[in-house]
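Letters A, B, ... are given to chains in the order of the sequence lines, protein chains preceding strands, and every chain is numbered from 1.
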2 protein chains.
Amino acid sequence: MSAFVKMGGMKKRKKADPRARILEVANRLFYAEGVRATGTEKIMAVAEVAKATFYRHFESKDALVLAYLDRSAQAFWDYLMSPTPPGDVHEALIKIDRLANHPDVTGCPFLLIAAEYPDIAHPFHRRAIEQKDKLLAYLIDLLKPFAIDRTVAATKLLTIIDGALSLRTVYGASKEIPLLSSAEALLKSFE
Amino acid sequence: MSAFVKMGGMKKRKKADPRARILEVANRLFYAEGVRATGTEKIMAVAEVAKATFYRHFESKDALVLAYLDRSAQAFWDYLMSPTPPGDVHEALIKIDRLANHPDVTGCPFLLIAAEYPDIAHPFHRRAIEQKDKLLAYLIDLLKPFAIDRTVAATKLLTIIDGALSLRTVYGASKEIPLLSSAEALLKSFE
DNA sequence: ACGAAGGCAGACATGTCTGTCTATATTGCT
DNA sequence: AGCAATATAGACAGACATGTCTGCCTTCGT
């Protein structure tokens with residue numbers, strides 16, 4: 001019965017574990033308003049978390065930003081590979097186009113962080129490079145069937161992907177960008 | 001004659017007029033390190049300008065940022081249109097490719113500012129939208145010879161241009177991006 | 001030569017940000 | 001029930017940012 005009372009019969013449902021709340025809010029605010037523009041105090045206020053609690057879970061704002069970036073990368077690859085990984089480049093591009101033109105998507109977290117921290121030696125910026133390198137490698141792999149310079153070809157595809165995401169940032173989620181159609185034209189030129 | 005004596009100067013070679021110095025330094029620092037990351041005091045220190053002088057020429061940091069953005073736009077169009085404007089899309093793309101892959105170029109000031117100020121209602125972000133709209137309109141005009149949906153086609157070209165510039169930001173000026181080659185493949189698909 | 005305009009140096013007010021610390025309350029486990 | 005871990009609220013320190021203001025010096029037109 002104590003268990004019953006403890007769980008509070010769920011009165012405490014409104015407050016899940018603080019770390020998750022912090023990450024949730026940080027993700028939303030960093031993405032929507034920018035990392036530099038988002039103060040830790042605002043995150044704490046929105047997440048309804050005390051300062052000491054925040055610093056118990058994250059050593060610093062920098063640590064939180066890194067966690068946010070890792071979480072974003074995770075979410076991207078989860079989306080791309082689930083429920084089943086793309087069978088070829090075309091399928092991958094379809095999925096990426098759908099993601100880039102999703103109403104909630106207003107850019108790529110890694111392009112955004114690279115713009116906010118232009119120094120390529122900065123840890124945040126490094127995460128962006130790593131992420132793009134990873135995607136590039138994946139595209140190169142998918143281009144195996146093509147008898148071309150796959151590195152150059154993948155770079156071109158990445159250019160289109162990142163161009164589309166950049167335009168989503170500039171114009172907002174309202175304007176759709178013909179990512180897939182552009183990429184298909186490129187693919188045709190590879191044959 | 002007074003005009004002669006007046007202009008005659010030039011002795012002040014070591015310190016040009018303060019406004020120009022401020023803009024010069026602001027341009028360099030905003031572009032290389034980001035707008036939010038660059039404090040006005042640093043700009044004054046590097047430009048060797050006193051605080052009062054700074055505020056005599058610019059009402060606020062915001063005013064300076066706007067001046068920086070306008071200057072960037074001006075520089076872009078000057079580059080594109082001089083000494084002679086491109087005769088067709090292809091010539092324009094050649095010029096833009098050369099610009100985007102220039103060793104000093106690590107991105108587009110407008111994509112960068114849009115990333116730093118994601119709110120599309122913010123005056124800085126608005127400048128980015130205006131600039132992209134202007135380029136889009138120019139591309140649409142250049143596509144006149146093509147019997148296609150020129151708005152969509154121009155958007156695709158802009159996607160490639162901004163994708164290339166985004167990758168320059170991520171990877172730094174070392175990595176060359178095949179902008180022209182991608183754009184040519186697209187153009188072929190328009191015929 | 002002289003007076004006004006503009007530049008220089010830097011103190012100061014004000015606000016914001018990150019991060020530390022204390023004191024109190026709640027939770028969870030045994 | 002009671003103890004250890006964790007949450008909350010918020011004061012506080014220290015750094016840094018923008019923008020105002022004062023006082024002094026240089027430059028330039030007349």
Side-chain angles (χ1 to χ4, degrees), chain A residues 1-26 29-30 33-68 113 116-117 122-124, chain B residues 1-26 29-30 33-68 116-117 119 122-124:
Chain A
M1 62 166 167
S2 70
F4 182 91
V5 177
K6 270 191 220 161
M7 289 315 304
M10 1 181 135
K11 64 175 177 181
K12 270 296 139 206
R13 170 149 304 148
K14 89 186 229 188
K15 287 216 182 187
D17 82 298
R19 188 170 208 279
R21 260 181 299 153
I22 293 169
L23 263 174
E24 189 74 23
V25 171
L29 295 183
F30 284 159
E33 300 176 15
V35 169
R36 296 193 109 112
T38 303
T40 51
E41 293 209 294
K42 182 167 183 182
I43 292 172
M44 296 176 217
V46 176
E48 292 175 283
V49 159
K51 234 171 171 140
T53 306
F54 177 92
Y55 282 102
R56 181 188 314 284
H57 291 285
F58 297 95
E59 193 184 275
S60 62
K61 180 182 176 178
D62 281 17
L64 176 61
V65 174
L66 290 176
Y68 152 70
I113 204 77
E116 285 202 89
Y117 296 83
H122 192 291
F124 300 168
Chain B
M1 62 176 168
S2 68
F4 180 92
V5 177
K6 272 188 217 161
M7 294 310 308
M10 267 159 201
K11 58 170 174 181
K12 270 297 139 207
R13 179 147 302 145
K14 96 183 227 191
K15 285 215 181 185
D17 81 298
R19 187 171 209 278
R21 260 181 298 153
I22 294 169
L23 262 175
E24 191 74 24
V25 170
L29 295 183
F30 284 160
E33 302 175 15
V35 169
R36 296 195 109 112
T38 303
T40 52
E41 294 209 294
K42 182 168 184 183
I43 292 171
M44 296 176 214
V46 175
E48 294 176 281
V49 160
K51 230 167 173 141
T53 306
F54 177 92
Y55 282 102
R56 184 189 311 286
H57 292 285
F58 298 95
E59 195 184 275
S60 61
K61 179 181 177 178
D62 280 17
L64 176 60
V65 174
L66 289 176
Y68 151 70
E116 286 203 89
Y117 296 83
D119 178 1
H122 191 290
F124 300 169

By side chain to side chain contact (heavy atoms under 4.5 Å, CB included), B/Ala37 pairs with (sequence neighbours left out) A/Arg36

A/Lys61 and A/Thr38 have their tightest heavy-atom pair at NZ-O, 2.9 Å

Considering only heavy side-chain atoms of B/Arg56, the closest of C/dG6, D/dT6, C/dC8 is C/dG6

Report task. Describe, in one word, how the ring planes of B/Tyr117 and B/His122 are oriented to each other, choosing from parallel (under 30°), tilted (30 to 60°) and perpendicular (over 60°). Result -> tilted

Here the distance between atom P of C/dG7 and atom CZ of B/Arg19, to the nearest Å, is 11 Å

A/Phe58 and A/Ala67 have their tightest heavy-atom pair at CE2-CB, 4.0 Å

The contact string for nucleotides 12-21 of chain C, one letter per nucleotide 5' to 3', using protein heavy atoms under 4.0 Å with B, S and - for base, sugar-phosphate only and none, comes out as ------BBB-

Minimal heavy-atom distance between A/Tyr68 and A/Leu23, with the atoms involved, is N-CD2, 4.3 Å

Task: Residue-phosphate contact under 4.0 Å: B/Thr53 side-chain N/O, C/dC8 OP1/OP2 - done: yes

(request) Using only side-chain N and O atoms of B/His57, determine if any of them is under 4.0 Å from OP1 or OP2 of C/dG6. (result) no

Residue pairs meeting side-chain hydrogen bond (donor to acceptor under 3.5 Å, both in side chains), one or both in residues 49-59 of chain A, sequence neighbours left out, come to A/Glu41-A/Lys51

